[in-house]
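Read the structure below first, then the notes.
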Amino acid sequence: MDALEAIRQRRTAHSYEPSTISDEDLREALQMAMLAPNHKLTFPWKFVIVGPESRQALKEQKKQEALAKRATPPTDAELAKMEEQLQQKMIHPAALVAFCCARNDDDYRQREDYAAVCCGIQNFSIALAAKGYQTKWGSGRVTRSPETYELLNVDSSRFEIVGFLWVGKVKGDLPFQMRPPLEAALSYCP
């Protein structure tokens with residue numbers, strides 16, 4: 001698949017079939033992430049491939065967070081539904097990768113480095129779309145939790161978790177995502 005078609009095929013997938021991905025495909029996609037533009041060649045990224053035990057621990061962490069937000073204990077049916085949703089999100093995808101950005105005291109440098117990591121995430125996602133995988137970039141509360149940093153062995157004084165990338169084979173049809181027309185964002189300046 002060429003690059004333009006891979007960009008067209010890239011989607012945010014929220015539901016995955018239980019699947020696997022070869023280490024070779026995952027590493028190649030991470031190599032593509034490292035080809036992202038980065039000002040001053042700072043190479044500010046760090047990647048953490050989250051293995052089965054850590055994914056199970058993250059699943060439990062998310063479950064406890066959800067239960068803590070509730071005013072009343074869940075019914076057995078609600079608890080079963082929560083378990084299935086968390087299984088779908090944390091265990092079914094073929095891979096889960098944390099993308100991290102090196103911290104910098106210079107606000108401008110930090111902004112540039114964060115942008116570079118975001119470009120790396122896009123390269124990663126497109127590389128995987130070219131191989132028939134879909135991704136989801138998540139940056140919710142779990143990415144900011146001290147427990148997550150500890151679980152992933154990421155030093156929060158040196159790195160910020162920008163997000164998790166779920167990777168897998170989409171469950172059901174490839175989601176369609178309506179985009180505004182180019183004219184909505186385009187202007188010309190003489």
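Since we're looking at a predicted model, the values are computed, not measured.
A heavy-atom distance below 4.5 Å is found between the side chains of R55 and P93. By the 4.5 Å heavy-atom criterion applied to side chains, L165 and S125 are counted as neighbours. When side chains are defined from C-beta on, S19 does not count as touching H92, because their heavy atoms never get closer than 4.5 Å. Residues R11 and K136 have side chains not in contact (no heavy-atom distance under 4.5 Å, counting atoms from C-beta outward). Side-chain atoms of V154 and T148, non-hydrogen and from C-beta on, never get closer than 4.5 Å to each other. Side-chain contact between R10 and Q122: present, with at least one pair of heavy atoms (C-beta onward) separated by less than 4.5 Å. Side-chain contact between E112 and K40 is absent, with no heavy-atom pair separated by less than 4.5 Å. Taking 4.5 Å as the limit, some side-chain heavy atom of W137 sits within range of a side-chain heavy atom of V162.
Distance check, rounded to the nearest 0.5 Å: NE2 of H14 to NZ of K89 gives 9.5 Å. Put simply, CG on L30 and CG on L35 are 11.0 Å apart, with the number rounded to the nearest 0.5 Å. Of the inter-residue distances, the one linking N104 atom CG with T42 atom OG1 reads 8.5 Å to the nearest 0.5 angstrom. Interatomic distance, OG of S145 versus NZ of K62, reported as 10.0 Å (0.5 Å rounding). Note: Q134 CD to S15 OG = 12.5 Å, rounded to the nearest 0.5 Å. Taking CE of M90 as the reference point, atom NZ of K59 lies at 10.0 Å (rounded to 0.5 Å).
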Legend entry - Check against side chain to side chain contact (heavy atoms under 4.5 Å, CB included), V142 and L58: CA-CA 8 Å; V142 70; L58 284 171; 3.8 Å; yes

Inset, instruction - Let me see the working for K46 and C101 under side chain to side chain contact (heavy atoms under 4.5 Å, CB included), right down to the final yes or no. - result: CA-CA 6 Å; K46 174 183 176 70; C101 180; over 6 Å; no

Inset, instruction - Evaluate the side chain to side chain contact (heavy atoms under 4.5 Å, CB included) criterion for residues Q56 and I91: first the C-alpha distance (whole Å), next the side-chain angles of each, then the deciding distance (0.1 Å), finally the verdict. - result: CA-CA 7 Å; Q56 192 64 42; I91 308 301; 3.6 Å; yes

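In this structure a side-chain-to-backbone donor-acceptor pair under 3.5 Å is present from R103 to S156. Distance alone, capped at 3.5 Å, is enough to place a donor-acceptor pair between the N38 side chain and the F43 backbone. Put simply, the side chain of E84 never gets that close to the backbone of K81: no donor and acceptor are under 3.5 Å apart. Within the 3.5 Å criterion, the main-chain N or O of P44 finds no donor-acceptor partner in the side chain of D113. Side chain of T143 to backbone of G140: a donor-acceptor contact under 3.5 angstrom is found.
Looking only at atom types and distance, the side chain of E5 has a donor-acceptor partner in the side chain of Q9 under 3.5 Å away. For the 3.5 Å distance criterion, the side chains of Q110 and Y114 fail to qualify, holding no donor opposite an acceptor. Defined by atom type and a distance below 3.5 Å, a donor-acceptor pair is missing between the side-chain atoms of E24 and S22.
Shown here for E17 and V170, the closest heavy-atom pair between the two residues is CG-O, 3.8 Å. Heavy-atom minimum distance, V167 versus T135: CG2-CG2, 4.1 Å. Contact between P37 and A116 at its shortest, heavy atoms only, is O-CB, 3.4 Å. Of all heavy-atom pairs between G120 and A36, the closest is N-CB, 3.4 Å. When every heavy atom of R109 is checked against every heavy atom of H39, the shortest pair comes out as NH2-O, 3.2 Å.
Within 6.0 Å of the CD atom in E65, the count of heavy atoms belonging to other residues, nucleotides or ligands exceeds 12. No more than 12 heavy atoms of other residues, nucleotides or ligands shown are found within 6.0 angstrom of CG on D107. Under a cut-off of 6.0 angstrom, the local environment of CG in D76 is sparse, with at most 12 non-hydrogen atoms contributed by other residues, nucleotides or ligands. Residue R70 places its CZ atom among more than 12 non-hydrogen atoms of other residues, nucleotides or ligands, all under 6.0 Å distant.
Hydrophobic clustering keeps V50 apart from V97 (ILVMFWY residues linked when any side-chain heavy atoms are closer than 4.5 Å, directly or through intermediates). Hydrophobic clustering places Y188 together with L182 (ILVMFWY residues linked when any side-chain heavy atoms are closer than 4.5 Å, directly or through intermediates). Under the 4.5 Å side-chain heavy-atom criterion for ILVMFWY residues, a single connected hydrophobic cluster contains both L26 and V117. A continuous path of Ile, Leu, Val, Met, Phe, Trp and Tyr side chains, each step under 4.5 Å between heavy atoms, connects M34 with F124, placing both in one hydrophobic cluster. With hydrophobic clusters built from ILVMFWY side chains whose heavy atoms lie under 4.5 angstrom apart, I121 does not share a cluster with W166.
Checked against a 6.0 Å centroid threshold, the rings of F99 and F164 do not count as neighbours.
In this structure, K169 forms a cation-pi arrangement with Y133, its terminal cationic atom sitting closer than 6.0 Å to the ring centre and no more than 45° off the ring axis. Both tests do not hold together for K171 against Y16: distance to the six-membered ring centre under 6.0 Å, angle to the ring axis within 45°.
A parallel orientation is assigned to the rings of W45 and F47, their planes being inclined by less than 30° (bins at 30° and 60°).
Here E60 pairs with Q64 under the side-chain hydrogen bond (donor to acceptor under 3.5 Å, both in side chains) rule; sequence neighbours left out.
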